[in-house]
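What you see is a predicted model; the values in this text were computed from it and never measured. Both backbone and side-chain heavy atoms feed into the values below; hydrogens, waters and symmetry mates do not. For this chain, numbers begin at 1 and follow the sequence in order.
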Amino acid sequence: MNTKNAFAILGSFHTNGTSAAMLDLAIRKAEQAGYTVTKINLYEKELSFCMGCRACMNTQICIQKDDIQEIAVLLEKSQLVILAAPVYWSNVPAPVKNLFDRLLGTAIEAANTFFKPRLRGKQYIILTSCNTPAPFSWILGQSRGAIRSIDKFFKTAGMKPIGKVVCANAKNKKELPRQTIKKIERCLK
């Protein structure tokens, strides 16, 4: 029997916030769908900044010794990645961007023309929360900017999206809206 592995990444400082609640729901649904889920919080990991040396393009892993090695192994062994992060200035928080920078060689291989993806066959789900009320979070590009950034990393790595869920006006939410819950559940059916 093959084990289905999922890798859940929290890219929010707020472990009790909306992004974290979205991720916890997705984890429960993934487990119900038969996945074994490993969860990390990027804010608890030791990740130095990318130096831009590009040595990882040959080694497939960053040469800096910190928690990136553990993260790369979890990414490679998982069939599904679930990333939850809030919107910061129409983008992702710095630890999420740094994660993408540090996973360059894990995600892609240099070639003469275009980069070659190294993570083909994997799927991903994007969960993001934004304090801007709907529909302005979308109209003003807040949520769209964060999703575009996450999508760019995963798609360049060869992965396929199975869901993108935005919870707008998150600052005023005491619990996840029913519509958000339904969207997350649909991703994992």
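Heavy-atom contacts from other residues, nucleotides or ligands closer than 6.0 Å to CZ of F49 number 12 or fewer. Crowding of Q179 atom CD: a count of heavy atoms from other residues, nucleotides or ligands under 6.0 Å not exceeding 12. Residue K4 qualifies as enclosed at atom NZ: its count of foreign heavy atoms under 6.0 Å is above 12.
Proximity of I71 to L47: side-chain heavy atoms (C-beta onward) are separated by under 4.5 Å at one or more points. Using a 4.5 Å heavy-atom cutoff, the side chains of V92 and I150 are in contact. Within the 4.5 Å cutoff, the side chain of Y35 has no heavy atoms near those of the I82 side chain. Counting heavy atoms from C-beta on, the side chains of D151 and K164 come closer than 4.5 Å. C53 places a side-chain heavy atom less than 4.5 Å from the side chain of I63. By the 4.5 Å heavy-atom criterion applied to side chains, M57 and I108 are counted as neighbours. You'll find the side chain of P93 reaches within 4.5 Å of the side chain of Y43, heavy atoms only. Residues P117 and K155 fail the side-chain proximity criterion, which asks for heavy atoms closer than 4.5 Å.
Annotation: the span from Q142 atom CD to W89 atom CH2 amounts to 8.5 Å, rounded to 0.5 Å. One finds the CG atom of L188 at 9.5 Å from the CD atom of Q123 (value rounded to the nearest 0.5 Å). Distance check, rounded to the nearest 0.5 Å: CE of M159 to NZ of K122 gives 7.0 Å. Atoms CG and CG, from L42 and N98 in turn, are 9.0 Å apart once rounded to the nearest 0.5 Å. Between the OG1 atom in T36 and the CD atom in Q79 there is a gap of 9.5 Å [rounded to 0.5 Å]. Between the SG atom in C50 and the CG atom in L104 there is a gap of 7.0 Å [rounded to 0.5 Å].
Follow the hydrophobic side-chain contacts under 4.5 Å out from I9 and you reach L103 in the same cluster. Two different hydrophobic clusters hold L127 and L83 under the rule that ILVMFWY side chains link at heavy-atom gaps under 4.5 Å. Cluster membership check: Y124 does not share its hydrophobic cluster with V165, using side-chain heavy-atom separations under 4.5 Å among Ile, Leu, Val, Met, Phe, Trp and Tyr. Follow the hydrophobic side-chain contacts under 4.5 Å out from L23 and you reach L25 in the same cluster. Hydrophobic clustering keeps L80 apart from L74 (ILVMFWY residues linked when any side-chain heavy atoms are closer than 4.5 Å, directly or through intermediates).
Shortest non-hydrogen contact noted between T128 and P86 is OG1-C, 3.8 Å. The shortest heavy-atom contact between F115 and A110 is CD2-CA, 3.9 Å. Contact detail for I162 and C187: the closest heavy-atom pair is CD1-O, 3.6 Å. Summarising the geometry of S143 relative to V87, their closest heavy-atom pair is CA-CG2, 4.0 Å, with the distance given to 0.1 Å. For the pair A84 and S19, the tightest heavy-atom approach, listed with the atom from each and the gap, is CB-O, 3.5 Å. Considering all non-hydrogen atoms of both residues, I68 and I61 come closest at O-CD1, 4.0 Å.
Listed by first and then second residue, the salt bridge (charged side-chain N to carboxylate O under 4.0 Å, His left out) pairs involving residues 40-49 are K45-E70 (not counting sequence neighbours).
Checked by atom type and distance alone, the side chain of Q69 pairs as donor or acceptor with a backbone atom of C62 at under 3.5 Å.
Using cut-offs of 30° and 60° for the angle between ring planes, the F154 and F100 rings count as perpendicular.
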For N91 and R148: C-alpha separation, side-chain torsions, deciding distance, then whether side-chain contact (heavy atoms from CB on, under 4.5 Å) applies. CA-CA 8 Å; N91 210 324; R148 183 176 41 247; over 6 Å; no

side-chain contact (heavy atoms from CB on, under 4.5 Å) assessment of L99 paired with F153: CA-CA 10 Å; L99 174 70; F153 172 78; over 6 Å; no

As a quick check of understanding, evaluate side-chain contact (heavy atoms from CB on, under 4.5 Å) for R102 and S48, giving each step before the final call. CA-CA 8 Å; R102 294 288 306 282; S48 299; 3.9 Å; yes

In sequence, state the C-alpha distance, the side-chain angles, and the governing distance for T38 and N5, and then conclude on side-chain contact (heavy atoms from CB on, under 4.5 Å). CA-CA 8 Å; T38 303; N5 293 308; over 6 Å; no

For K29 and Q32, run side-chain hydrogen bond (donor to acceptor under 3.5 Å, both in side chains): C-alpha distance rounded to whole Å, both residues' side-chain angles, the deciding distance at 0.1 Å, then the answer. CA-CA 5 Å; K29 293 300 171 183; Q32 289 172 3; 3.3 Å; yes

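In this view, K97 and D101 satisfy the salt bridge (Lys or Arg N to Asp or Glu O under 4.0 Å) rule, not counting sequence neighbours.
A donor-acceptor contact closer than 3.5 angstrom is absent between the side chains of Q60 and T106.
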